[in-house]
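Shown next, in structure tokens, is the structure this report addresses.
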Amino acid sequence: MFALVDCNNFYASCECLFEPKYIGRPLVVLSNNDGCVIARSQEAKALGIVMGTPAHLAQDSFRKNNVVVCSSNYTLYGDMSDRVMKTMKSFVPRMEIYSIDEAFLDLSELSFEDLDKLGLAIRETVIKNTGIPVSVGIASTKTLAKMANRYAKKKHRSSGVFYASDENLVDEMLGATAVEDIWGIGHQYALLLRKNGLATAKDLTRIPGDWVRRNMSVTGLRLWNELLGVPSKEWEFEPKDKKNICTSRSFGKLTNDYSIIKEAISNHAATCALKLRNQQTVCRFVKIFISTNPHKVNMKQCHHAIVIQCETATNSTPEIIAYSIKGLDLVFDKNNFLYMKCGVEVLDVIPETELQLNMFDLKDRNKSKKALEVMDMVNKEWGRGTIRMAVQRFDNRYRLRADFLSKRFTTRLDEIIQIHI
DNA sequence: TCTGGGGTCCTAGGACCC
DNA sequence: TCTGGGGTCCTAGGACCC
């Protein structure tokens, strides 16, 4: 048995926790750069505000409806997520964290008779410990548990728990779930299924598996099996090492200023290098890309990318920065484009231990490794960027907009919540 | 002024080898 | 008339997720 526990309107719930005056009001959280809506409170959903709405197009409607607008505060959400996960983990021997706001719990070895009650207990404890409301779906496969969770939110709002305990309940749920609401069915597959007269998850379970295999590849077939109650998605209790790591951001505004772009690229490269070191891996290739704003249809467009092979696989900040700048210099074109976004991606990531040394490599890698270890230690203790490469600068001139940022209530002493008595 | 950022997996098809 | 065939590796692109 699988339980999928999912925080309700997670980012919006986090914002309300520390500003009780927001409770009951429509609230939206915006993406990086205050670009578009990525989370909504229940009240905002009720107003019909859609995911992905560009903030600048919705400003009038926000004002008219007295909507609270927040920039995204990942420090706060990340810390709240840790707290929620810790509480959930206390109920089961094993748990798979699936995303910042949801986790699969392994119920297979529990002697708990009444899983409905377990679901309620999880919900109550999480809200008591963290203040975050969650919903619980319980079923025989991951895909069905996801669906049960969604069904709990829709049809069992007051309890917030749905346990698809027998065939009839599974059937009822499958019949009530539209194909586009199945986990793993996106826009394209939904269109295909609709075109073939399939409207609900139940319809999908009734067609032959080889049709599914032919039209939706092996991932589709796995999904089909899961709907039929045959577990086909494996547990991943330990997060796998990333195979590629990408860091990218939009600039605050369009630019063709080489020094600003170089600074941004250097910072993205440094972030990638740090992520590599955190999972004890190295990369063999570094890719940089730089692109214009595709929404500006009247401006000249480009999406330039270049992959550079490392002499020796590496996770060193200065080396990855150097490769990235080399790449940038090859594609940057000051005269023809105004750029909106750039990024660095490290490819072909392998464990540090598998590193093959290049016989022509003359660098003293042990020495630079020690220096990086010290740098990481200091940065962990004193905050990111305390020690950095000169090219990363200190003033962050490509800084993103975040005009409505809440405090980091739970991780910074100087931003802790204050109560006036 | 203003439209996110990060990932994964799978497949088709080209390049290349003998 | 007839223009090999089988295999691997790599990449681009499409699908999906939160």
Side-chain angles (χ1 to χ4, degrees), chain A residues 4 6-7 9-11 28-39 50-60 62 69 71-74 77-78 81 96-104 142-143 146 149-150 179-193 212-223 226 232-234 236 239-255 264 268 271-272 275 279 284-285 287 289 291-297 299 303 305-307 309 338 340-349 400-404:
Chain A
L4 188 271
D6 175 298
C7 301
N9 316 323
F10 182 53
Y11 296 171
V28 296
V29 178
L30 304 181
S31 62
N32 269 325
N33 210 21
D34 291 343
C36 55
V37 174
I38 55 168
V50 212
M51 268 305 230
T53 308
H56 72 275
L57 295 182
Q59 242 158 40
D60 284 346
F62 288 167
V69 177
S71 303
S72 32
N73 182 346
Y74 289 105
Y77 310 151
S81 171
E96 172 185 335
I97 296 177
Y98 178 68
S99 74
I100 191 163
D101 72 336
E102 58 191 304
F104 288 102
K142 282 185 167 180
T143 307
K146 266 290 235 192
N149 182 288
R150 195 180 161 280
V179 283
E180 34 281 291
D181 296 329
I182 304 171
W183 185 42
I185 304 286
H187 181 62
Q188 292 304 322
Y189 285 149
L191 283 180
L192 174 80
L193 294 174
V212 177
R213 171 68 183 87
R214 239 186 358 262
N215 291 282
M216 298 167 70
S217 94
V218 295
T219 35
L221 186 63
R222 274 203 281 268
L223 184 151
E226 289 245 321
S232 311
K233 289 174 181 282
E234 309 226 323
E236 280 172 39
K240 282 192 199 146
D241 281 350
K242 302 269 180 267
K243 295 168 181 168
N244 309 305
I245 294 169
C246 177
T247 306
S248 74
R249 291 284 184 284
S250 301
F251 303 119
K253 54 176 194 273
L254 292 176
T255 183
H268 298 333
T271 304
C272 285
K275 288 180 184 169
Q279 57 171 31
R284 281 198 270 245
F285 297 91
K287 172 174 148 186
F289 60 87
S291 62
T292 49
N293 183 345
H295 297 102
K296 300 263 179 220
V297 283
M299 297 176 67
H303 183 98
I306 190 162
V307 177
Q309 181 168 12
L338 281 172
M340 183 203 60
K341 177 176 173 178
C342 71
V344 174
E345 190 172 357
V346 289
L347 310 168
D348 209 348
V349 172
L400 301 175
R401 293 173 57 151
D403 294 341
F404 320 103

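Both backbone and side-chain heavy atoms feed into the values below; hydrogens, waters and symmetry mates do not. This structure is a prediction, so every number in the text was calculated from the model and none was measured. The chains referred to below are lettered A, B, ... by the order of the sequence lines, with proteins before strands, and numbering in each begins at 1.
- Nucleotides B:dT3 and C:dC18, compared at atom P, are 24 Å apart to the nearest Å.
- The nearest whole Å value for the distance from the CD atom in A:Gln188 to the C1' atom in B:dC9 is 17 Å.
- Rounded to whole Å, atom C1' of B:dT8 lies 14 Å from atom CG of A:Asp241.
- Remark: P of B:dG6 and NZ of A:Lys242 are 12 Å apart, rounded to the nearest angstrom.
- Across all their heavy atoms, A:Cys342 and A:Ala264 have their closest contact at SG-CB, 3.9 Å.
- Qualifying side chain to side chain donor-acceptor pair (under 3.5 Å) partners for A:Asp181, counting only residues two or more places apart in sequence or in other chains: A:Arg150.
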inquiry  = Dot-bracket for DNA chain C, please. Rules: Watson-Crick or G-U, both distances under 3.5 Å, ( ) within the strand, [ ] when a pair crosses earlier ones, | for another strand, . otherwise.
reply    = ....||||||||||||||
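- Contacts of A:Phe62 classified as ring pair (Phe, Tyr, Trp, His ring centres under 6.0 Å), with partners at least two apart in sequence or in another chain: none.
- A:Leu347 places its CG atom 13 Å from the P atom of C:dC10, with the value rounded to the nearest Å.
- A:Leu30 comes within contact range of no nucleotide atom at all, as no heavy-atom separation falls under 4.0 Å.
- Annotation: ring pair (Phe, Tyr, Trp, His ring centres under 6.0 Å) contacts of A:Tyr98 (sequence neighbours excluded): A:Phe104, A:Trp183.
- Between A:Ile182 atom CD1 and C:dC17 atom P there is a gap of 10 Å when expressed in whole angstrom units.
- Closest to the side chain of A:Lys275, out of C:dC18, B:dT8, B:dG7, is B:dG7.
- For A:Ser291, there are no side chain to side chain donor-acceptor pair (under 3.5 Å) partners two or more places apart in sequence or in a different chain.
- A:Tyr74 pairs by the ring pair (Phe, Tyr, Trp, His ring centres under 6.0 Å) definition with A:Tyr11, A:Tyr77, not counting sequence neighbours.
- For C:dC17, neither phosphate oxygen OP1 nor OP2 lies less than 4.0 angstrom from any side-chain nitrogen or oxygen of A:Lys146.
- Rounded to a whole Å, the CG atom of A:Leu221 is 15 Å from the C1' atom of B:dC9.
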Anything under 3.5 Å between a protein N or O and an N or O of nucleotides 11-13 of chain C, put it in a table, one pair a line.
none

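- Across every non-hydrogen atom of A:Lys233 and A:Lys142, the tightest pair is CB-CD, 3.9 Å.
- Every residue two or more places apart in sequence or in another chain that forms a side chain to side chain donor-acceptor pair (under 3.5 Å) with A:Glu226 is listed here: A:Thr143.
- At whole-Å resolution of the value, CZ in A:Arg222 and P in C:dA15 are 18 Å apart.
- Under the salt bridge (charged side-chain N to carboxylate O under 4.0 Å, His left out) criterion, A:Lys275 pairs with no residue, sequence neighbours left out.
- Distance, A:Ile185 CD1 to B:dC9 C1': 15 Å, rounded to whole Å.
- Here A:Arg213 lies in heavy-atom contact (under 4.0 Å) with sugar-phosphate atoms only.
- A sub-4.0 Å separation between OP1 or OP2 of C:dC17 and a side-chain N or O of A:Lys142 is absent.
- Of all heavy-atom pairs spanning A:Val349 and A:Lys242, the tightest one is CG1-O, 3.5 Å.
- Taking A:Lys341 as the reference, nothing meets the salt bridge (charged side-chain N to carboxylate O under 4.0 Å, His left out) condition, with sequence neighbours excluded.
- Using a 4.0 Å heavy-atom distance criterion, A:Leu223 is classed as making no nucleic acid contact.
- Residues satisfying the side chain to side chain donor-acceptor pair (under 3.5 Å) criterion with A:Ser71, sequence neighbours excluded, are A:Asp34.
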Just the table, please: protein N/O against nucleotides 2-5 of chain B N/O, every pair under 3.5 Å.
from  : atom 1 : to       : atom 2 : distance (Å)
B:dC2 : OP2    : A:Lys296 : NZ     : 2.9
B:dG4 : O4'    : A:Ser31  : OG     : 2.9
B:dG5 : OP1    : A:Ser250 : N      : 2.5
B:dG5 : OP1    : A:Ser250 : OG     : 3.3
B:dG5 : OP2    : A:Ser250 : OG     : 3.3
B:dG5 : OP2    : A:Lys341 : NZ     : 3.3
B:dG5 : O3'    : A:Ser248 : O      : 3.3
B:dG5 : O3'    : A:Arg249 : NH1    : 2.8

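- Residue A:Lys233 places no side-chain N or O under 4.0 Å from the OP1 or OP2 atom of B:dT8.
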